Amino acid sequence: MRHTVGDPEAFAEFYRQHIEAVTRFIARRVDDPHTVADLTAEVFLAVIDSAHTYRPGLGSETGWLYGITRNVVSAERRRGARESRLNGRISGRRLLEPDDIVRLEEKVDAESPGRRALAAMASLPEGERAVLELIAVDQLTVTEAAAALGIRQVTARVRLHRARRTLRAAAEPRTATELTYAGGEA
């Protein structure tokens with residue numbers, strides 16, 4: 001990765017290989033096309049700034065890139081929450097070309113099932129939800145997800161198992177007896 005940043009052609013190839021996946025990842029988590037464009041650009045700037053931190057022995061470039069992308073999206077959420085609490089929402093945004101807005105709106109629309117799945121996973125503990133998102137939604141391997149989250153592979157497998165078990169239990173139809181004991185209506 002370090003060599004890629006120093007070589008404009010190699011970085012351009014890295015960018016072309018990963019731009020769609022990064023944009024889809026962000027579009028599943030953010031529903032505003034302007035913010036999707038800004039965060040996508042921010043991810044690749046962060047790649048340039050932190051290329052020296054990539055360690056091939058700890059995981060693939062893909063896992064490392066998804067870790068950066070998650071951090072950028074998380075930082076944006078924190079910033080947005082802080083801004084909302086302090087000042088309310090400020091609407092100043094850089095202008096996008098109409099074609100860019102249409103293209104990003106299409107991606108946001110295409111990723112709406114992914115956003116719905118993420119919403120269904122909201123009840124999971126953060127660690128379990130993060131592993132499940134990276135593996136089930138973003139199609140990373142367990143090894144790549146572990147690297148993106150900075151955890152051991154065995155920890156990622158345990159969290160994935162727990163998350164799947166919880167979601168399976170939530171998706172199973174419940175009998176009238178179970179509903180009565182759970183405090184629901186039969």
Side-chain angles (χ1 to χ4, degrees), residues 1 5 14-15 18-55 58-96 100-101 103-105 107-140 142-152 155-156 158-160 162-163 166-167:
M1 187 67 234
V5 173
F14 176 83
Y15 177 86
H18 298 287
I19 184 67
E20 286 300 315
V22 167
T23 304
R24 285 192 313 268
F25 180 97
I26 294 170
R28 273 191 291 278
R29 290 154 177 86
V30 176
D31 61 2
D32 176 64
H34 294 277
T35 305
V36 171
D38 291 345
L39 294 179
T40 301
E42 193 172 322
V43 165
F44 286 98
L45 289 173
V47 164
I48 292 169
D49 289 342
S50 62
H52 66 281
T53 67
Y54 173 64
R55 304 285 182 261
L58 298 178
S60 69
E61 285 182 352
T62 302
W64 177 76
L65 178 62
Y66 272 82
I68 290 173
T69 306
R70 264 182 65 77
N71 290 340
V72 167
V73 171
S74 294
E76 172 62 18
R77 286 185 177 152
R78 287 189 305 274
R79 185 206 58 75
R82 200 170 39 247
E83 180 179 293
S84 185
R85 281 190 313 268
L86 299 175
N87 303 324
R89 200 81 176 147
I90 297 174
S91 63
R93 300 186 188 269
R94 72 175 184 83
L95 297 177
L96 292 174
D100 292 334
I101 293 173
R103 183 179 51 80
L104 290 170
E105 285 175 339
K107 287 186 186 210
V108 167
D109 289 343
E111 295 303 331
S112 66
R115 279 196 308 280
R116 284 194 302 274
L118 292 174
M121 295 186 295
S123 66
L124 294 172
E126 172 59 28
E128 292 175 19
R129 184 174 60 246
V131 170
L132 186 63
E133 284 177 14
L134 290 172
I135 293 171
V137 180
D138 297 309
Q139 303 295 303
L140 266 62
V142 172
T143 303
E144 291 169 334
L149 296 170
I151 60 176
R152 295 180 315 148
T155 303
V158 168
R159 288 179 182 178
L160 178 62
R162 288 179 182 160
T166 301
L167 290 178

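Note that the structure is a prediction, hence the values are computed from the model and not measured. The first residue in the sequence is number 1, and the count goes up from there.
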Report summary line: Heavy-atom closest pair (Ala146 atom, Ala156 atom, distance to 0.1 Å) is CB-CB, 3.9 Å
Query raised in the report: Going from CD on Glu111 to CG on Leu104, what distance comes out if it is rounded to the nearest 0.5 angstrom?
Result: 12.0 Å
Requested in this report: Go through the steps for Val47 and Tyr54 under the test side-chain contact (heavy atoms from CB on, under 4.5 Å), then give the verdict.
Outcome: CA-CA 9 Å; Val47 164; Tyr54 173 64; over 6 Å; no
Requested in this report: I would like to know whether Ile19 and Phe44 meet side-chain contact (heavy atoms from CB on, under 4.5 Å); could you show each step before the answer?
Outcome: CA-CA 9 Å; Ile19 184 67; Phe44 286 98; 3.7 Å; yes
Query raised in the report: What residues, two or more places apart in sequence or in another chain, satisfy salt bridge (Lys or Arg N to Asp or Glu O under 4.0 Å) together with Arg24?
Result: none
Query raised in the report: How long is the gap from CG on Asp109 to CD on Glu105, to the nearest 0.5 Å?
Result: 7.0 Å
Requested in this report: Return the minimal non-hydrogen interatomic distance between Leu134 and Ala148, and the atom names on each side.
Outcome: CD1-CB, 3.9 Å
Query raised in the report: Just how far is it from atom OG1 of Thr62 to atom CD of Glu144, taken to the nearest 0.5 Å?
Result: 5.0 Å
Query raised in the report: In terms of side-chain geometry, is the basic nitrogen of Arg70 or Glu126 positioned less than 4.0 Å from the acidic oxygen of its partner?
Result: yes
Requested in this report: Measure across Val72 and Ala46 and return the closest heavy-atom pair with its distance rounded to 0.1 Å.
Outcome: CG2-CB, 4.5 Å
Report task. Considering non-hydrogen atoms only, spot the tightest contact between Asp31 and Val108 and give its length. Result -> O-CG1, 3.6 Å
Report task. Report the distance from atom OG1 of Thr40 to atom CD of Glu20, rounding to the nearest 0.5 Å. Result -> 9.5 Å
Query raised in the report: Which value, rounded to the nearest 0.5 Å, describes the distance between Thr23 atom OG1 and Lys107 atom NZ?
Result: 4.5 Å
Query raised in the report: With a 4.5 Å limit on heavy-atom distance, are the side chains of Arg159 and Leu132 in contact?
Result: no
Query raised in the report: Between Arg29 (side chain) and Phe25 (backbone), is there a donor-acceptor pair under 3.5 Å?
Result: yes
Requested in this report: Taking Tyr66 for its side chain and Leu149 for its backbone only, find out whether a donor-acceptor pair lies under 3.5 Å.
Outcome: no
Query - With Ser50 via side-chain hydrogen bond (donor to acceptor under 3.5 Å, both in side chains) - residues at least two apart - result: none
**Report entry** Arg129 side chain vs Ala122 backbone, donor-acceptor pair below 3.5 Å
**Finding:** yes
Requested in this report: For Arg103, check salt bridge (Lys or Arg N to Asp or Glu O under 4.0 Å) against everything at least two apart and list the hits.
Outcome: Asp100
Query - Interatomic spacing from CD1 in Ile135 to OG1 in Thr143 - rounded to 0.5 Å - result: 9.0 Å
Report task. Could you check Leu39 against Thr69 for side-chain contact (heavy atoms from CB on, under 4.5 Å), going step by step and ending with a plain yes or no? Result -> CA-CA 8 Å; Leu39 294 179; Thr69 306; over 6 Å; no
